[in-house]
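As the structure is a computational prediction, the values presented were derived from the model and not from experiment.
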Amino acid sequence: MRILVINPNTTASMTAAIGTAARRAAAPGTAVAAANPPDGPPAIQGAADGEAALPGLFALFEREVLRAHSCDAVVIACFDDTGLKALKARSPVPVVGIGEAAFLAAMLVAERFSVVTTLAVSLPVIEANLASYGWAGRCARVRASGVPVLDLEGAEAAVVERIGAEIERALAEDDCQAVVLGCAGMAELAGEMTERFGVPVIDGVTAAVALCEALHRAGIDNAPRRPLAAATS
């Protein structure tokens, strides 16, 4: 199958890293392409950045999915699930958000999970998504590590330690059995943190690729689907 991974921000180096993580997670025979819009915010940190990213995201989706038919599934590689509902409503193929996929994976392996994301400005968006999906009761807490999105590139030791310290606090304070990493830029840390803390630490990029592949193997991605209610964001 063919999966198109869209990073809604404009930082090409982050898109390349996300694409690498997605290809590593993909099964043999799955082709993964990664792309980002040419215009928009360099990072999505909070609702204002998410709104600013929509024109570029929608234009890229129009070109690659609706016109070129270049893929069998789309992954939106922003943990805020930027534009997800609107894209699902228009898409002829499954569209999976990495936040959505990570929450689903966490609920399969844990009764309660916590989220460790980047900055505090992102908390309201993630909390609103959980409520919209109907999953807020399964999330113990959404936590900010204080690490800006672009500081995740290269993941210096001090950055990794700040994220690790927040995971440690979550496990000590939140009565959770799994932790979700709340940014696509954290994808490379999941294995290290799972080994370090002995609980599932879930990356949404990996979870989204696996979910797309599962839908494809089951033939669900080709099934006729009624359109969702119209959405603008």
**Prompt:** Would you call E173 and R143 a salt bridge, taking side-chain N to carboxylate O under 4.0 Å as the test?
**Reply:** yes
**Prompt:** Is the closest basic N to carboxylate O distance between R141 and E127 below 4.0 Å?
**Reply:** no
**Request:** Give the C-alpha distance, both sets of side-chain angles, the deciding distance and a yes or no for side-chain contact (heavy atoms from CB on, under 4.5 Å) between L4 and F61.
**Result:** CA-CA 10 Å; L4 174 62; F61 189 88; over 6 Å; no
Test item: [X] and [Y] side chains (from C-beta on) under 4.5 Å apart, heavy atoms:
{"X": "I3", "Y": "T30", "answer": "yes"}
{"X": "N9", "Y": "C78", "answer": "no"}
{"X": "I44", "Y": "P8", "answer": "yes"}
{"X": "L84", "Y": "K88", "answer": "yes"}
{"X": "D39", "Y": "P55", "answer": "no"}
{"X": "E192", "Y": "V160", "answer": "yes"}
{"X": "V5", "Y": "I18", "answer": "yes"}
{"X": "I6", "Y": "N36", "answer": "no"}

From [X] [atom1] over to [Y] [atom2], what is the distance, rounded to the nearest 0.5 angstrom?
{"X": "T10", "Y": "L57", "atom1": "OG1", "atom2": "CG", "result": "12.5 Å"}
{"X": "R196", "Y": "L189", "atom1": "CZ", "atom2": "CG", "result": "10.5 Å"}
{"X": "T82", "Y": "D49", "atom1": "OG1", "atom2": "CG", "result": "9.0 Å"}
{"X": "D81", "Y": "I98", "atom1": "CG", "atom2": "CD1", "result": "7.5 Å"}
{"X": "E153", "Y": "M14", "atom1": "CD", "atom2": "CE", "result": "5.0 Å"}
{"X": "F58", "Y": "L66", "atom1": "CZ", "atom2": "CG", "result": "11.0 Å"}

Measure from the side-chain N and O atoms of [X] to the backbone N and O of [Y], and report whether any donor-acceptor pair falls under 3.5 Å.
{"X": "R138", "Y": "A110", "result": "yes"}
{"X": "R23", "Y": "V32", "result": "yes"}
{"X": "R2", "Y": "A73", "result": "no"}
{"X": "E161", "Y": "A158", "result": "no"}
{"X": "E166", "Y": "V116", "result": "no"}
{"X": "D72", "Y": "V93", "result": "no"}
{"X": "S145", "Y": "I163", "result": "no"}
{"X": "S70", "Y": "E64", "result": "yes"}
{"X": "T15", "Y": "A34", "result": "no"}

**Evaluation steps, side-chain contact (heavy atoms from CB on, under 4.5 Å), between V149 and C183** = CA-CA 8 Å; V149 169; C183 181; 4.2 Å; yes
**Request:** Evaluate side-chain contact (heavy atoms from CB on, under 4.5 Å) for L181 paired with V201, printing each intermediate quantity in order.
**Result:** CA-CA 7 Å; L181 296 175; V201 177; 3.7 Å; yes
Work out which heavy atom in [X] is nearest to a heavy atom in [Y]; give both atom names and the distance.
{"X": "A105", "Y": "A207", "value": "CB-CB, 4.2 Å"}
{"X": "V65", "Y": "S91", "value": "CG1-OG, 4.3 Å"}
{"X": "N7", "Y": "P37", "value": "O-CD, 3.1 Å"}
{"X": "P94", "Y": "L215", "value": "CB-CD1, 4.0 Å"}
{"X": "Q177", "Y": "V199", "value": "O-CB, 3.7 Å"}
{"X": "C176", "Y": "A170", "value": "SG-O, 3.7 Å"}

**Request:** Please assess T206 against D203 for the test side-chain hydrogen bond (donor to acceptor under 3.5 Å, both in side chains), listing each intermediate value before the final yes or no.
**Result:** CA-CA 6 Å; T206 299; D203 156 51; 2.7 Å; yes
**Asked** Hey, mind stepping through K85 and E100 against salt bridge (Lys or Arg N to Asp or Glu O under 4.0 Å) and telling me if it holds?
**Response** CA-CA 11 Å; K85 186 176 180 181; E100 172 185 52; over 6 Å; no
**Item:** T118/Q45 under side-chain hydrogen bond (donor to acceptor under 3.5 Å, both in side chains): CA gap, chis, key distance, verdict
**Value:** CA-CA 8 Å; T118 52; Q45 299 176 134; 5.1 Å; no
**Prompt:** Parallel, tilted or perpendicular for F79 and F103, by the 30°/60° rule?
**Reply:** perpendicular
**Prompt:** Any side-chain donor-acceptor pair under 3.5 Å between D174 and S114?
**Reply:** yes
**Item:** Shared hydrophobic cluster for V109 and V180 (ILVMFWY, side-chain gaps under 4.5 Å)
**Value:** yes
**Candidate pair M186 and L152, rule side-chain contact (heavy atoms from CB on, under 4.5 Å), full reasoning** = CA-CA 7 Å; M186 297 179 182; L152 294 166; 3.9 Å; yes
